[in-house]
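Read the structure below first, then the notes.
Values in this document were obtained by computation on a predicted structure and should not be read as measured data.
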Amino acid sequence: MIVLAVALPLLAAFLLPLTGPLRRVVGPATLLLVAATAFSAWPRAQVEPFTVAIGGFRPPLGILFYVDGVALLFVLAAAFSCLLLWPWNEEAGSRKHALTLLLAAGCSGLALSGDLFNIYVFYELVAVASYGLAAGAGSSRAYAAAFRYLVLSSLGSLLALVGIALIYHRTGTLNLAHLGELAPTLLNDPPGLAAFLLLLLGLGVKAELFPVNAWVPEVYAGAERRVSALLAGLVSKLAVLVLVRLLVLVFPTDEARTALLLLGTLGILSGELAAYRARDLARLLSWSSIGQLGIVFVAFAVPGEAGLVAGLAVALHHLVAKPALFLLAERWGGSLEALTGAGRGSPLAGALFVLFALSLIGVPPLPGFWAKFLVLSGLAAQEGGLWWAAAAAILATTVVEASYLFRVVGRLYARDAGGAPAPHATGPLTGAAVLGLVLILGGAGAGPLGDALGHMAAQAADRAAYLGRVLPVRTIEHPGTLTLNAAPEARP
Amino acid sequence: MDALNLALELILMPLVAFVVGLFMVLMMRKIAARIQRRVGPPLLQPLYDIIKLYGKQTQISHGLVHDIGIVMAVGGYVAAETLLPVPGMDGLADRGGLITLAYLMMIPSLGLALGVGQCANPNGSIGIARALTAMLAYDIPFVIVIFGVAWHYGTTNLADIIALQQAAGPGGWGAATMPLLALAGLFSVHAMLGKQPFEIYVAPAEIATGPMVEMGGKFLGGLFVMQTFQFYTAGVLYA
Amino acid sequence: MTLLDLLLLLAAATGALAWLLGRWSGAGVLAALLYAGQLALLGAMDGNTAASPTFRVLGQTIAWSLDPFGRFFALITLGAAIASAWFMAGEWGRRYAQAGHSLRALHGTLAINVLAMLLLLASSDLVSLFIGWELVSWASFLLMAQGGGAAVRAALRYVTYAMGGAMAVLGGTVLAYAWTGTLDLGLLAERLPALEPGRLWLLVALFTGGFGVKMGLLPFHLWQAPAYAEAPGPGTAFLGAISSRMGLFAIALVLARLVTLEGLDGLQILPGQFGVRDLLAWVAAFTIVLPTFTALKQNDARYLLAWHGIGQGGYMLMGLVVGDAMGSAGGLMHVFNHATYQAALFLSVYAVIHRTGTADLNRLGGLVVRMPLSFLTMLVGIIGLAGLPPMNGFVSKWLIYRSLMAEGMPLLFVASVIGTLGTILSVYKLIHNTFLGQLRSEHEHIREAPWSMTGPMLALCAIVFVTGTAPGLVLGWVADAQAALGLPVLRYTLGGVASAQGGLDMLWIVGVLFGGFGVGALLFYGGGGRSRRVHQLDNYAGGHFLSADVRYQYSDNFYAGLMHRIGPLYRNAFTWLESALVSAVDLAALAMQGVYRQQAPAFLLLMTAVAGLAWVVL
């Protein structure tokens, strides 16, 4: 069943030109189906994660999907993000519709895949789709930025491929669970760490990891806001998810965490500080996005469940907040000075901007606060200068963040309006409003939401259970899981 | 009996202060005169001065605040007297203490400042600005003295302080045990009174500062200021 | 439904109603009545009142409950809100709306501020404290930014400071949580003092620094004066009266209740000589002296008062860290006193602005005859602010002085007295340049402010005077608050303090003071020739008669002689420090942008990969 989440959008993307009069609804309908699939698997995965072997081969020989709460969450996120940021105004069946569907398929695949080979394939799928989307604005600036992105991203893919090759060379397998089993003996040495670093840098290009994120501001400023929203909101998170799976299953070492922590901290500092001097809204949001992703990395670097919960919370929050902000920036392009009085011109947009800005800063009781609180308490619980330095960096840059975001807010509500930008089109505004509603609901239900995230994080952090479910025969640590997961689900 | 006693004290203490103050003013003028080889004024001259000022024909008031300022200036000192114990009479000393006294003594300055301000005379205002500046300067050593005394005796109750000093005999007097504080106190009290060399805000050399525009009642206030300040010297340093 | 539930619901309803009905002419009266209703609910409370809703987030219970300490601050908050709402209920509000401002937004934000403060005051764990803290910060930002223009710039500056403070608090919160495993204030009070000194130092520094930003403690005070002064009239009064006291509330909560005084005594810089309490007392002393003398230089009545507000906060902290019964009572009582006279002063300044259109001290003068009630308000207010008898400001300062004497801290004592003297100087400048001296000819036909404005002003005056005469009324609440904080409790009487080492009985002192005034009046009016009242514009100086068209008001550079001496001491060191910090951030930002603007990102990627591999291999 769950394989549909990947297969359907993939199929739809290629068959889109053939759908005739239905082509206007095919894309959204497909995405809704993906969401429905994920929902149907939700209750089962909440109780107990399960695996789906593709082609009927059992792991470690066959390739498989591992379905747990986190994976489903991101499949849902992919479906809804693409739905919300769907290119409604493009003519039906255009290239952009297909690319968006491809992106959705790639993202679902990344969330579900249980082996490195599949991960690489889906990663490339996402990359190709995003190149197309990034260049889609049609302006020469967008082309230049997209080309820069393409070069950097391909180089990153290459590094990642080298890393994968290294791992395969050492262990002879690409199945994550199998790797997890072998890692303590075969990968716990400098070459193993080197492989992790290569993967980190390679995947980090999409995850906006410092210092391989130099493409971000230009591409986000040049591409359509919708695409920027997708890249900043969705794609970056999926790349992070892959890294987290690697970190939890294959490389649960201190060195790997240190690398993540360091690069994350640098990302926070560089992103937020660069945003402080940004002269236009799109670049400001891009740099802010880099900073937020830095927080995500720092959070995931924290060992144990605490880190996973915190990282998930920040990632989800950013997944909601940043696309909304990019949608709001749709009409608010150009220099920041041009925004004078814009909030008075379109009150709803202004109010939404304030709401998301507050949440990004982490003002309680909005969800952004809980996310930041989780990260900080996770960091505070660790002993050691580097952890505290990261916490201090987050706290200090929050001040900078508040300063530049509210400089914009002040400008939005300034009185001396001389030609404020045109009001927003209904499409992006509705999208932002929906996300705003999600944000408020998330704030209101912070308690249950936190518990649910905790549950998912516990599932995802349970390394032994993962290995046990995927490789039931060899499992010795968790004999109890044998009976529950004896038979992998049949082919859909 | 107690209440009656207290009421009597409350009435007597300002009166005593007034009389002693008049006498002190007289002494000061006499001494100044003797130094300058003059005879100096007769015994009741300060009182005559006040009566003369009261009897003046032309009295100009610049409005209610002007009047109230004078009332505050005089009234503040009258009230302060009741907090200042003299031999045999404690008055309200145990209800206020040193700090209260020090702050109560700022009320007349404020009253005076308000009254002068209402006169809308720029020279008056300049005088007040100088007076307040001087107050900033002399009050700092003054409060240091207060602190020293209160810290030394472990209480802010003036009656207790006096009792403690009496018990210790001449060797235990403030001036003997704390000569530096006594000296500082002397200086600051001197400045408070506006005597040379701290007389800039009274500006005797300039034509018109506060006193010029005002009338007899004001002068009474001025005299009262002097008496009580002198009286105060005795209170803090030697009592 | 507990009383606290009702209180918070009513506060929320006030906000909603103020927003919905803000344009209706009776909105101000309604809002004042609703605040009064909240005050009545507050009065009905006793002991600890918990709110029934609690939340469990991340495995921690978040709850609210109001104890006598919080209630004391809530009382002041609501009082200030009543006065502010009443002030804008009539002509002031109409004029404000006519000028194109949104009265509805002003009413609404005021109500939100009150609600946020009540939530903060009722917090019973660190998370609810932080939530309340942030809500208060952002609510006051809303209030500050209403003015537009300069107000927005000041408010944005405030945001940066406030976030800096909030982040320090957040850091302290997560560290305290990590080290003690709890967020509950009751449990923290047991576990925090047992922490090792290094950790406790860090927590004390983070919390005091963070909360101190709101209080305007040095060196975090620069934002406050412009942010408060530029807010719309009653908003300024409200902010000036109570807003920054939330910082004191939180500092008192953390220092006195959580860390406890014994815990603080364990933190020594020079053992036995200079500890954290001395350090804080010195911070307080500098907070008293420097802003007060900055106030002295101001030429705008609003800024002058706002700077004094910062300075007066120093007295409160000073009293608190001295920590004995008298000092802490003085510090807490000063919160009440300051709120009353500061609100009165701001309202009187805004009454003058309402009539004359300016608060520039060089463009006013002689208004006493035209606006006698405003003058009276300001007179009572400045006597309170300067801390002279018979107003309430004297009593709290007396308590603080007294405790400094008892604890033997001469330098701090002198510093606080210097602050008081500086205050006297500058408030005299305020009242002289506004109400005394020459009446400007364009102000000759000005009328007194309407009753809707003088009403709250006079009511505040009455409070200032009555609580100065009978401080026992307030000291009762203060003593309860002390008990709730675990501080030594003051022995008070209706007239003041009973103490073997020198007490205070304001009933008697006020009595003799007015007796003295009576004698003075008797001497003045009873004896001598009758004085002749001359017209206000009938003046002469230096032998010349002065006419109204000649400006002779002495207002600019009022303390020329003093400034000649101390003028060079104003070095704007903090402003310099602030701009240096901003420049440093700017420079760092520029450098970081350089990273993202470089030409060959792929090169960087390869370099990083190589560096990473090198790290692995080595």
In terms of heavy-atom pairs under 4.5 Å with chain C, the winner among A:L198, A:V216, A:L358 is A:L358
Relative to chain C, which segment of A:L376 carries a heavy atom at a distance below 4.5 Å: side chain, backbone, both, or neither?
both
Against chain A, label C:T173 side chain, backbone, both or neither, depending on which of its atoms sit under 4.5 Å from a heavy atom there.
side chain
Under a 3.5 Å distance rule, please check whether C:Q146 uses its side chain to pair with a backbone N or O of C:A231 as donor and acceptor.
no
Between C:W64 and C:L119, which heavy-atom pair has the shortest distance, and what is it?
CD1-O, 3.4 Å
Interface residue of largest heavy-atom contact number with chain A, from C:L156, C:I62, C:V152, under 4.5 Å
C:L156
In terms of heavy-atom pairs under 4.5 Å with chain A, the winner among C:A591, C:A589, C:A178, C:A168 is C:A589
Tell me, for A:A402 versus chain C, whether the close heavy atoms (under 4.5 Å) come from the side chain, the backbone, both or neither.
both
For A:V205, which atoms come within 4.5 Å of any heavy atom of chain C: side chain, backbone, both, or neither?
side chain
Apply salt bridge (Lys or Arg N to Asp or Glu O under 4.0 Å) to the pair A:K372 and C:E134, showing each step before the final yes or no.
CA-CA 14 Å; A:K372 240 173 212 176; C:E134 284 277 48; over 6 Å; no
Interchain contact, A:F369 with chain C, by part (heavy-atom threshold 4.5 Å):
side chain
Report which part of A:L449 has an atom under 4.5 Å of a heavy atom belonging to chain C: side chain, backbone, both, or neither.
neither
Are there residues of residues 261-270 of chain A whose heavy atoms fall under 4.5 Å of chain C's heavy atoms? If so, which?
A:L269, A:S270
Is the count of non-hydrogen atoms from other residues, nucleotides or ligands lying under 6.0 Å from A:F147 atom CZ greater than 12?
no
Tell me whether the centres of the aromatic rings in C:W133 and C:F130 are closer together than 6.0 Å.
no
Of A:T398, A:V400, A:L395, which meets side chain to side chain contact (heavy atoms under 4.5 Å, CB included) against C:M163?
A:T398
Determine whether more than 12 heavy atoms belonging to other residues, nucleotides or ligands lie under 6.0 Å from atom CZ of C:R104.
yes
Under 30°, 30 to 60°, or over 60°: which ring-plane class applies to C:W223 and C:Y158, parallel, tilted or perpendicular?
tilted
Heavy-atom distances under 4.5 Å only: say whether A:E255 touches chain C with side chain, backbone, both or neither.
both
Among A:W287, A:F210, A:W388, which residue has the highest count of heavy-atom pairs closer than 4.5 Å to chain C?
A:W287
Short side-chain donor-acceptor distance under 3.5 Å, A:Y404 and A:E272
yes
Geometric class of the A:F373/A:W370 ring pair [parallel <30°, tilted 30-60°, perpendicular >60°]
perpendicular
How far does CG of A:L161 sit from CG of A:L166, to the nearest 0.5 angstrom?
11.5 Å
Specify which of A:I290, A:L453, A:L200 makes the most heavy-atom pairs with chain C at under 4.5 Å.
A:I290
Does the side chain of A:L293 come within less than 4.5 Å of A:S289's, by heavy atoms?
yes
